[in-house]
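First the proteins, then the strands, lettered A, B, ... as listed; each starts at 1.
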Protein chains: 2
Amino acid sequence: MARPARVSPDRILAAAALEFAERGFAGARVDRIARRAHVNKAMLYYHFKSKNGLYRTLLRRMFTLAAARLRAIADGAGSHAEKVDRVIASMAAFMDEHAFFPAIMLREVAEGGVHLDRETLTALAALPAVVGAIVHRGVKARAFRAMPPMFAYFSMLAPVIFFLAGTRIRKEISHLHVVDMRESSADDFIRHMQHATRRALARGSARHARTS
Amino acid sequence: MARPARVSPDRILAAAALEFAERGFAGARVDRIARRAHVNKAMLYYHFKSKNGLYRTLLRRMFTLAAARLRAIADGAGSHAEKVDRVIASMAAFMDEHAFFPAIMLREVAEGGVHLDRETLTALAALPAVVGAIVHRGVKARAFRAMPPMFAYFSMLAPVIFFLAGTRIRKEISHLHVVDMRESSADDFIRHMQHATRRALARGSARHARTS
DNA sequence: GTCTATACTTCGATAGAC
DNA sequence: GTCTATCGAAGTATAGAC
């Protein structure tokens, strides 16, 4: 019994996600998070102890959720190439559902993880670990060319995160009429990345090697 | 005459670069920048008016410098593919000389450019503009497959920025022994990106298309 | 669990002498 | 151009009543 009605912690986390994504850890304001969540600021401290506690809880959740999706792909059926395709699509979909995720990822990489405790860092580490494992198996099975799995991880996911986090600045830049950065949709870009990744991982075709 | 001995503005900018890269705009402390630069805080305001003025001056400089290098490549000799190769190498070298650059880029993308004025945004916009122009010409000359130039821009440079900015968090993560992210050097990664980009841009080879 | 009021600290910025 | 001293605004966090 005692259905806990844990509604305010969840509302706080949702508000915190927006605030931290928009402003970063240092720029985020506890008052603003509380106001956005329609809770009293004291409630926030009651549930999460501190601004940092809230931040870590949020990130641990996000990373755990995202890693679970990747693990389902890694453990599921399909060819190595199909799994890589799905990793890209699935992370793009995840970031679409959780629009705050890409900006937070960018900031956390820039920050060097200074606000994270061991547990949260471990949750984060699962992402490269699972993707790396998929690539590693593909290489071992000679479905992919030999390459460090982490290289594949960065080259397939960094552009997706960057592109999705950068929607706002691209709009700003397009207004200046120096470059038009609105040319295509996020969906098109995801397909582009799947295609580019497939080619980067494919064996053979030394034809495309050094031309200089 | 009156050799201005503009040494303190430059020292301030150098100190600001480190501080802003490490902590972001909101997390950066004016006192700390002044102390790092060995100048009085009042001097900083005397030269740059405000924290934001300092930030914009720094970024405008960086973007202008980086864009100049890219323009030299675009206007120089060589095949389309060679130019793309050089864009990647040159940006990697630039970020190696200015180690604070990648983190600031990541943060600014996440931030949506809110601290930047029109002039600084225009300087930033030159980067995708020049790279986009190189790709566009290559596509027009049928040296590259057809694709939106901005897609090529993101897929070739986002991983480089991400990788270089992420040195610190990768070290943190490697300590946890969940994944080893130290496997290879930055130079190896740059070569990987050049190779992957060459393949992504190359025409033909429909063999690597959809496998699902 | 919830709210008001407030303690305590830090930070950006400036005044004003030299 | 340079420095000391300081103001005033914000910000995190908590005490304590209900």
Side-chain angles (χ1 to χ4, degrees), chain A residues 1-60 104 107-108 111 114-117 120, chain B residues 1-60 104 107-108 110-111 113-117 120:
Chain A
M1 37 221 76
R3 201 63 40 78
R6 264 183 52 97
V7 55
S8 73
D10 287 339
R11 276 221 310 265
I12 293 169
L13 283 168
L18 296 177
E19 179 74 6
F20 285 129
E22 270 176 30
R23 321 241 182 186
F25 181 79
R29 295 296 165 244
V30 174
D31 287 278
R32 208 154 28 207
I33 295 173
R35 193 156 26 85
R36 282 182 167 194
H38 302 285
V39 304
N40 191 282
K41 185 170 52 158
M43 274 313 292
L44 189 153
Y45 283 98
Y46 174 77
H47 285 296
F48 298 100
K49 300 265 294 180
S50 68
K51 183 183 178 179
N52 205 326
L54 172 57
Y55 188 67
R56 288 173 179 167
T57 305
L58 171 67
L59 265 63
R60 211 177 316 126
I104 289 182
R107 291 180 191 279
E108 210 42 57
E111 210 100 9
V114 283
H115 308 107
L116 307 184
D117 52 10
T120 310
Chain B
M1 37 222 77
R3 202 63 40 77
R6 263 184 55 95
V7 55
S8 75
D10 287 339
R11 276 221 310 266
I12 294 169
L13 283 168
L18 296 177
E19 178 76 6
F20 285 128
E22 270 176 30
R23 321 243 182 186
F25 181 79
R29 294 298 165 242
V30 175
D31 287 277
R32 211 157 25 209
I33 295 174
R35 191 155 29 81
R36 282 180 167 197
H38 302 286
V39 303
N40 191 281
K41 184 170 55 157
M43 272 315 292
L44 189 154
Y45 283 98
Y46 174 77
H47 285 296
F48 298 100
K49 301 263 295 180
S50 68
K51 183 184 180 180
N52 205 326
L54 172 57
Y55 187 68
R56 287 173 180 168
T57 304
L58 171 68
L59 265 63
R60 211 177 317 124
I104 289 182
R107 291 181 192 278
E108 210 42 57
E111 211 99 12
V114 282
H115 308 107
L116 307 185
D117 51 12
T120 310

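Residues satisfying the ring pair (Phe, Tyr, Trp, His ring centres under 6.0 Å) test with A:Tyr45, not counting sequence neighbours, are none.
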Full working for side chain to side chain contact (heavy atoms under 4.5 Å, CB included) between A:Ile33 and A:Val39:
CA-CA 9 Å; A:Ile33 295 173; A:Val39 304; over 6 Å; no
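B:Arg23 and A:Glu111 get closest at one heavy-atom pair: O-OE2, 4.2 Å. In terms of heavy atoms, B:Glu108 sits closest to B:Val114 at OE2-N, 3.9 Å.
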Which protein N or O atoms sit under 3.5 Å from an N or O of nucleotides 8-12 of chain D?
unit_1	atom_1	unit_2	atom_2	d
D:dG11	OP1	A:Arg29	NE	2.8
D:dG11	O5'	A:Arg29	NE	3.3
D:dT12	OP1	A:Ala28	O	3.2
D:dT12	OP1	A:Lys51	NZ	3.2
D:dT12	OP2	A:Val30	N	3.3

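In this pair, B:His115 and B:Tyr55 present their aromatic rings perpendicular. The plane angle is above 60°, beyond the 30 to 60° band.
Look at CZ on A:Arg35: it is 19 Å from P on C:dT2, rounded to the nearest Å. One interatomic measurement links the two molecules: CD1 of B:Ile33 to P of C:dA13, which rounds to 11 Å at whole-angstrom precision. Taking atom NZ of residue A:Lys49 and atom C1' of nucleotide D:dA13, one finds them 12 Å apart after rounding to whole Å. The distance from atom CG of B:Asn40 to atom C1' of C:dT14 is 12 Å, rounded to the nearest whole Å. Regarding A:Leu44, its CG atom lies at a distance of 12 Å from the P atom of C:dC3, rounded to whole Å. For B:His38 and D:dT2, the NE2 to P distance is 15 Å, given to the nearest whole Å. Remark: C1' of C:dG1 and OH of A:Tyr46 are 5 Å apart, rounded to the nearest angstrom.
Taking side-chain N and O atoms only, A:Ser8 has no distance below 4.0 Å to OP1 or OP2 of C:dG1.
Along DNA chain C, the nucleotide nearest A:Met43 and the nucleotide nearest B:Gly27 are compared for position; the residue whose nucleotide lies closer to the 5' end is A:Met43.
The side chain of A:Ala42 approaches D:dA15 more closely than any other nucleotide in the set D:dA15, D:dT2, C:dT14.
The stretch residues 36-49 of chain A participates, sequence neighbours left out, in these salt bridge (Lys or Arg N to Asp or Glu O under 4.0 Å) pairs: A:Glu19-A:Arg36, A:Glu22-A:Arg36, A:Asp31-A:Lys41.
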